[in-house]
Each structure stands twice: as structure tokens, then as C-alpha cells.
Amino acid sequence: MGELRGAHVPVLLERCLELLSPALDRTGQTGRTVYVDATLGLGGHAEAILTAHPRTMLVGLDRDTEALAHARVRLARFADRVHLEHAVYDELPDVLDRIGHPVVDGILFDLGVSSLQLDAPDRGFAYAQDAPLDMRMDQSRGVTAEEVVNSYSHPELARVLRVYGEEKFASRIASAIVRERDRAPITSSAQLAELVRQAIPAPARRTGGHPAKRTFQALRIEVNRELAALETALPAALDRLAIEGRMVVLSYHSLEDRLTKVALADRVRSKGPIDLPVELPGTGPTFRLLSRGAELPGEAEVAVNPRAASVRLRAAERLDPTQQQRQRTDRERYRRQVRAMHQPGTGSAVRRPVSGDDGTGTDEEGEGHDD
């Protein structure tokens, strides 16, 4: 396996622990809880979770075999509580069914490229280092970035750069790539980075970081099918959470964060007709958000770990349907009292309960008071 390449500082570690702990502190009937790290990487978050929660079992997934090998060594002292799988996160339901954990208590997605992949010069992820154009997170399968660059048509390349990289000069860059590959195949990251730099107008190169940043992001997403896998994985993961189970997602660009926001929004709103005075059973929200919008890193976090600068955190908890039913019953009882108060011959006023004074108040967004 060799020495670990690159440094690994888990992003927003303390906040992730804070959010996941209420779900993992429960023991349940089996005496244990199950935590899924859907993007295990080098195991930094997993190690902290296993240390803080001695009764928690880890199911760790990663498509990168090199990362899995390093994580296995790092987590060796927890071997009796660790199950690692070479898999992409959209394969999570199959993995859980196979190992006999259909329901879990906590899930973490730490998206994007890992420190190992970014720091390894031979992987081709970094535009600042010359390397073969690979960019596969799983080097055992799939097409490489070199194949994409040298085989996609101009419209296909422009689409990838525009959609996945949000690159406004997508068409110009695609044209430059096609012209260059007509002379000779494009095979290295340094060659591609310089090609992109020259294709972008000089004034635009002076702002927004390295000119090739968005192109490399777009190619990486295309090569690894990251957004397609995420769009499938998020709702599947939410479906596997136990009552009061929690999921945390760390995103590093707007496309990931947008998919996460949509997946959570679908679970935290009512599905019932808006014109009904009472929410029908089975139509209420099934999750509550644990943060208001996307949480950003603090200055101290970025100072310690500059790669955390672009992170956006979202989290949610599965609601207890029996508690929701009690709340619906209490609300209906209150409505009946109000109607009775306005009937002829009634003179007593009914005080409306203040949120929390009868135990039924809830927050639609934000952390609850019990955390």
C-alpha cells in the first residue's frame, strides 16, 4: 500500500459529531447503533464517530480502493465494529441488504474529491500538477478524463463544461480542445490546464482562481458520474434511516448542494392539499431540517483546513409518526375548542397553547431545543 499520500483533515468534524450524536447515542433493542459513512475516504470522520460512540457499528463505503486500504489500517483497532465496502454511494441499499442492516441510525456524505485523490500527482485530479489525465475515483473501472477529452464531440464537451463546471467559456474551451487533439491526443493534466488558460480571455484569467478549475471539476464529475449517483443515493439513504435517525451532507459546489436541498425539501414539507383545514394522515412531513439553509464553515475552520472554504452543510432527522399523530390530535382538539367557544351560549375564552407549553410545539427548521 505504501505511505499515505497527502494530509487529511476531516471537514467540519465537530459539527458533524454534534449533529449525528443524538441518533448514535441510542442503543435500541440490539444494544448498538449503525452509522454509514457513504464516502469513507481516509476514515477521519469514521474514526471520530467510532471513538465517541463505543456502541456504534460502522458501514463504510468508498469507490477508491487505495482510500479503502488506508482507512482499513486506520480503523484496525475498531475491527469488530467496522464493515468496509468497495462501492459507490448509490449502491448503499444493496450493501445494507447484503450485510443485514436494512435500517441505520446515522449517515454522512462528504462529497467531492478526497485529499488522497487531490494530493496524489498520478491521479490527474489537480490542474497544478502534471499527471496522466485519469480522474477516476475508482481506477479499476470506467472511462478516464483522457478518453472524454479526446473522444467527446464539441457539443458534448461544451455541455459537460457548461453544466458540470458552470463554465461560461465552455464553447471556446471545447473548440480549443478539439483543435489541439486534431494535431495530437491530449494526455496530461498540465497540457490541458495550459490549453484552457489560453482559451479563456485574458481579463477573465485575473479573477476567480486558476482558469482551469471549473474545467477540471466538470471532467471529474463526468468521469465519475458524481451527480447522477448522488441524485439516486440521497433519497435512497433517507429511506433507510430509522425513526429519529439523522443524515448529514457536506457539499463543495452549488450542483451538489442543489441536489441535497431538493432531496431534503421533498421530505420536510406536507404532501396534503393546501386547502384542507386538517392535515391528512400520511401526508405530513417525514423529516425535519437540523439547520437553517446551508451552514458555512467558520473562519477558524478555514484557517486550519483551507479545503473547507467551499463546504456547505445540510442535515435532517426522520420524524416519529406517532408523535406527529399526537400533535395532529392536539391541534384538532384545539380547533374544536375554538369552534365551541364561538357557539351561542358559550362565554369562556380558550387560551391558545404557546409552542412548547403542551409539549407539542415543533420547529420546522433549525435545531431542536433538546440537542
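Computation of the quantities below employed the complete heavy-atom set of this structure, encompassing side-chain atoms and omitting hydrogens, waters and symmetry-equivalent molecules.
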Worksheet item: After noting the C-alpha distance and the side-chain angles of Glu85 and Arg98, does the key distance pass the salt bridge (Lys or Arg N to Asp or Glu O under 4.0 Å) rule?
Response: CA-CA 11 Å; Glu85 287 274 342; Arg98 186 169 65 251; 2.6 Å; yes
Find the distance between [atom1] ([X]) and [atom2] ([Y]) and round it off to the nearest 0.5 Å.
X	Y	atom1	atom2	value
Asn150	Glu180	CG	CD	10.0 Å
Asp62	Thr39	CG	OG1	7.0 Å
Leu75	His70	CG	NE2	12.5 Å
Lys168	Leu161	NZ	CG	15.0 Å
Glu66	Asp138	CD	CG	12.0 Å

Side chain [X], main chain [Y], donor-acceptor under 3.5 Å:
X	Y	value
Asp105	Ala242	no
Gln217	Tyr164	yes
Asp64	Gly41	no
Glu146	Leu133	no
Arg205	Ile200	yes
Arg288	Glu317	no
Asp257	Ser251	no
Ser189	Ala131	yes
Ser291	Gly293	yes
Arg312	Ser310	yes

Are [Y] and [X] connected into the same hydrophobic cluster when the rule is that any two of I, L, V, M, F, W, Y join if their side-chain heavy atoms are below 4.5 Å apart?
X	Y	value
Leu250	Leu296	no
Met57	Leu92	no
Ile243	Leu319	no
Val178	Ile186	yes
Ile99	Leu61	yes

Fill in: Option passing side-chain contact (heavy atoms from CB on, under 4.5 Å) with Glu256 (candidates Leu234, Leu111, Ile221)
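Going through Leu234, Leu111, Ile221 one by one, the side-chain contact (heavy atoms from CB on, under 4.5 Å) with Glu256 is satisfied by Leu111 alone.
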Which atoms form the tightest heavy-atom contact between [X] and [Y], and what is the distance?
X	Y	result
Met135	Leu219	SD-CB, 3.9 Å
Ala170	Arg162	CB-N, 3.7 Å
Ala229	Asp90	O-CB, 3.5 Å
Phe287	Arg318	CD2-N, 3.3 Å
Thr56	Leu24	OG1-O, 3.6 Å
Arg141	Val88	NH2-CG2, 3.7 Å

Item to complete: Assess whether salt bridge (Lys or Arg N to Asp or Glu O under 4.0 Å) is satisfied between Asp134 and Arg136, documenting all intermediate values.
Response: CA-CA 6 Å; Asp134 192 324; Arg136 290 174 300 169; 2.8 Å; yes
Practice prompt. Could you note down all residue pairs passing salt bridge (Lys or Arg N to Asp or Glu O under 4.0 Å) where residues 232-243 supplies at least one of them, sequence neighbours left out?
Written response: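 Checked against salt bridge (Lys or Arg N to Asp or Glu O under 4.0 Å) - neighbours excluded - the pairs reaching residues 232-243 are Asp97-Arg240, Asp239-Arg267.
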Discussion item. Would you say that Thr144 contacts Val223 through its side chain, given a criterion of any heavy-atom pair below 4.5 Å between the two side chains?
Written reply: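 Thr144 does not reach Val223 side chain to side chain.
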Practice prompt. Determine whether Phe216 and Val196 make a side-chain contact, defined as any pair of heavy atoms from C-beta on separated by less than 4.5 Å.
Written response: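 Of all side-chain heavy-atom pairs linking Val196 with Phe216, none is under 4.5 Å.
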Item to complete: Check step by step if side-chain contact (heavy atoms from CB on, under 4.5 Å) holds for Arg77 and Glu47.
Response: CA-CA 10 Å; Arg77 69 183 187 277; Glu47 181 181 37; 3.3 Å; yes
Item to complete: Given side-chain contact (heavy atoms from CB on, under 4.5 Å), test Glu222 with Val143 step by step and report yes or no.
Response: CA-CA 9 Å; Glu222 173 71 7; Val143 299; over 6 Å; no
Discussion item. Between Glu156 and Arg159, is the salt bridge (Lys or Arg N to Asp or Glu O under 4.0 Å) condition met? List the steps.
Written reply: CA-CA 5 Å; Glu156 289 175 320; Arg159 176 191 61 81; over 6 Å; no
Item to complete: Compute whether any side-chain donor of one residue and acceptor of the other, for His154 and Ser175, lie under 3.5 angstrom apart.
Response: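 Judged by distance alone, the side chains do pair up.
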Practice prompt. Output every pair passing ring pair (Phe, Tyr, Trp, His ring centres under 6.0 Å) with a member in residues 71-108, not counting sequence neighbours, ordered by first then second residue.
Written response: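 Those involving residues 71-108 are Tyr89-Phe109.
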Worksheet item: Taking NZ, NE, NH1 and NH2 as the nitrogens, is one of them in Glu18 or Arg15 under 4.0 Å from a carboxylate oxygen of the other?
Response: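 Looking at Glu18 and Arg15, the cut-off is met.
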